[in-house]
Engineer: 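Please read through the structure below; I'll follow up with questions.
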Amino acid sequence: MAIVIGLTGSIASGKSTVSRMFADLNIPVIDADKISRVVVNPEEPAYTKIVETFGESILHEDKSLNREKLGSIIFADASKREKLNSIVHPAVRERMLAKRDAYVEAGEPAVVMDIPLLFESNLTHFVDKTLVVSVTESVQLKRLMNRNGYSEQEAEQRIKSQLSLEEKAKKADAVIDNNGTKQYTYEQLERLLHNWKALPSIK
């Protein structure tokens, strides 16, 4: 029986690093962010609804979505942001669940659902176990400033806009401490997967 693992973290916590480690272990990863980009491509039902709702001014000349333009509209208006989310989120969830079920039916011992807002969007019922990639706030701040070139204030604003890693860790079935080296993180992940009998070699 497959175990479905919900992977989450916060900005600059290293969730993407752990996601790649799952892939290296031949455990399939379903990435919510990647799917959210696919479902707004032309020919997708969500794309049609977005254009109907926001008009053709949000398109590039080649008819693809102008994300910057759409972003500036929705971030300035909470009701428009809600409208966009009500179109995109159901499409993403439907696609994720279809992929999850296909992997389970194919006999995969484990499947990862990489969902940034796993707790905030109340999607824990999609998975069997929840795993948070965590770092201290000082490490998170430093990494975000280095990675994105933010000032300390800009980085703090972005961190504070999300549910804290401390809160997420309290809700999770397991936590990976990503403050150290990649090797240290990998060893924790491998140990956890052994405990959960989720490695491909363990049927």
Side-chain angles (χ1 to χ4, degrees), residues 1-47 65 67 85 87-135 140 143 147 162-163 165 168-169 171-203:
M1 185 66 191
I3 178 170
V4 181
I5 300 166
L7 174 67
T8 196
S10 288
I11 191 167
S13 69
K15 178 178 65 65
S16 298
T17 299
V18 174
S19 187
R20 284 192 294 274
M21 288 176 182
F22 275 110
D24 290 342
L25 289 163
N26 296 316
I27 295 172
V29 176
I30 302 163
D31 187 322
D33 280 344
K34 284 182 184 167
I35 291 176
S36 70
R37 289 192 283 275
V38 171
V39 299
V40 296
N41 283 337
E43 313 310 325
E44 291 277 351
Y47 168 92
L65 212 57
R67 293 170 190 282
N85 288 344
I87 296 168
V88 176
H89 288 179
V92 172
R93 288 169 193 173
E94 186 182 336
R95 193 72 57 90
M96 288 189 82
L97 290 175
K99 280 177 171 281
R100 178 198 69 180
D101 295 347
Y103 282 127
V104 170
E105 283 167 28
E108 291 287 350
V111 181
V112 173
M113 299 184 82
D114 180 339
I115 308 176
L117 300 178
L118 180 67
F119 296 115
E120 295 90 330
S121 298
N122 298 314
L123 299 180
T124 52
H125 59 287
F126 284 3
V127 302
D128 302 313
K129 297 279 188 185
T130 54
L131 174 60
V132 166
V133 182
S134 186
V135 289
Q140 188 181 15
R143 285 183 185 170
R147 188 185 78 185
Q162 300 183 325
L163 186 65
L165 281 166
K168 290 184 181 185
K171 295 171 182 283
D173 292 306
V175 178
I176 283 186
D177 170 2
N178 193 37
N179 287 297
T181 63
K182 280 187 182 177
Q183 182 62 28
Y184 175 57
T185 297
Y186 183 83
E187 285 165 3
Q188 291 175 76
L189 178 63
E190 206 172 28
R191 194 160 53 244
L192 179 67
L193 293 174
H194 270 296
N195 291 342
W196 283 353
K197 296 183 170 47
L199 284 167
S201 57
I202 302 173
K203 299 281 183 181

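Quantities reported herein were computed from a predicted structural model and do not represent experimental measurements.
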Engineer: Could you tell me the separation between the CG atom of N179 and the OH atom of Y184, rounded to the nearest 0.5 Å?
Structural biologist: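 One gets 8.0 Å once the value is rounded to the nearest 0.5 Å.
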Engineer: I'd like to check V40 versus R67 (side-chain heavy atoms, cut-off strictly below 4.5 Å). Are they in contact?
Structural biologist: yes
Engineer: I need the minimum non-hydrogen distance between L163 and E120, along with the two atoms involved.
Structural biologist: CB-OE2, 3.4 Å
Engineer: Does F22 reach the side chain of L193, with side-chain heavy atoms less than 4.5 Å apart?
Structural biologist: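 Yes, at least one pair of side-chain atoms sits under 4.5 Å.
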Engineer: Would you say the side chain of I30 lies within less than 4.5 Å of the side chain of F126, judging by non-hydrogen atoms?
Structural biologist: no
Engineer: Using 0.5 Å steps for rounding, measure from the OG atom of S16 to the CG atom of D33.
Structural biologist: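 Here the interatomic distance stands at 8.0 Å.
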Engineer: Can you give me the closest heavy-atom contact between A12 and R143, atom names plus distance?
Structural biologist: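 Reported closest heavy-atom pair: O-CD, 3.9 Å.
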Engineer: Examine distances only and state if a side-chain atom of Q162 and a backbone atom of I11 form a donor-acceptor pair shorter than 3.5 Å.
Structural biologist: yes
Engineer: Please report the shortest heavy-atom distance between W196 and K129, naming the atom on each side.
Structural biologist: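 Looking at all heavy atoms of both residues, the shortest contact is CH2-CB, 3.6 Å.
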Engineer: To check you understand the geometry: which heavy-atom pair defines the closest contact between R100 and V4, and what is its length?
Structural biologist: CD-CG1, 4.0 Å
Engineer: Heavy-atom count around E94 CD within 6.0 Å, excluding the residue itself: above 12?
Structural biologist: no
Engineer: With rounding to the nearest 0.5 Å, note down the distance linking CG in L189 to CD1 in I27.
Structural biologist: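 Result: 7.0 Å between the selected atoms.
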Engineer: Taking the side chain as everything from C-beta on, heavy atoms only, tell me whether K168 gets closer than 4.5 Å to S13.
Structural biologist: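 With C-beta onward as the side chain, the pair stays apart.
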Engineer: To the nearest 0.5 Å, tell me how far K15 NZ sits from R20 CZ.
Structural biologist: 10.0 Å
Engineer: With sequence neighbours left out, write down each residue that passes side-chain contact (heavy atoms from CB on, under 4.5 Å) with A2, or none if nothing qualifies.
Structural biologist: V104
Engineer: What distance separates D31 CG from I115 CD1, expressed to the nearest 0.5 Å?
Structural biologist: 10.0 Å
Engineer: Should E44 and V38 count as side-chain neighbours, where that means a heavy-atom distance under 4.5 Å?
Structural biologist: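 E44 vs V38: side chains touch.
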Engineer: Please report the shortest heavy-atom distance between V127 and M113, naming the atom on each side.
Structural biologist: CG1-SD, 3.9 Å
Engineer: Counting only N and O atoms by type, is there a donor-acceptor contact under 3.5 Å from the side chain of S134 to the main-chain atoms of D177?
Structural biologist: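 Side chain of S134 to backbone of D177, a donor-acceptor pair under 3.5 Å: no, none is there.
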Engineer: First locate atom CD of Q183, then atom CD of Q188, and finally report the distance between them rounded to the nearest 0.5 Å.
Structural biologist: 11.0 Å
Engineer: For residues G14 and N178, report the shortest heavy-atom separation together with the two atoms involved.
Structural biologist: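 The answer is CA-ND2, 3.4 Å.
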Engineer: Please step through side-chain contact (heavy atoms from CB on, under 4.5 Å) for the pair V112 and S19, ending with a clear verdict.
Structural biologist: CA-CA 8 Å; V112 173; S19 187; 5.7 Å; no
Engineer: So do the side chains of T124 and K171 get within less than 4.5 Å of each other, counting heavy atoms only?
Structural biologist: no
Engineer: Are side-chain heavy atoms of T130 and F119 found at a separation under 4.5 Å?
Structural biologist: yes
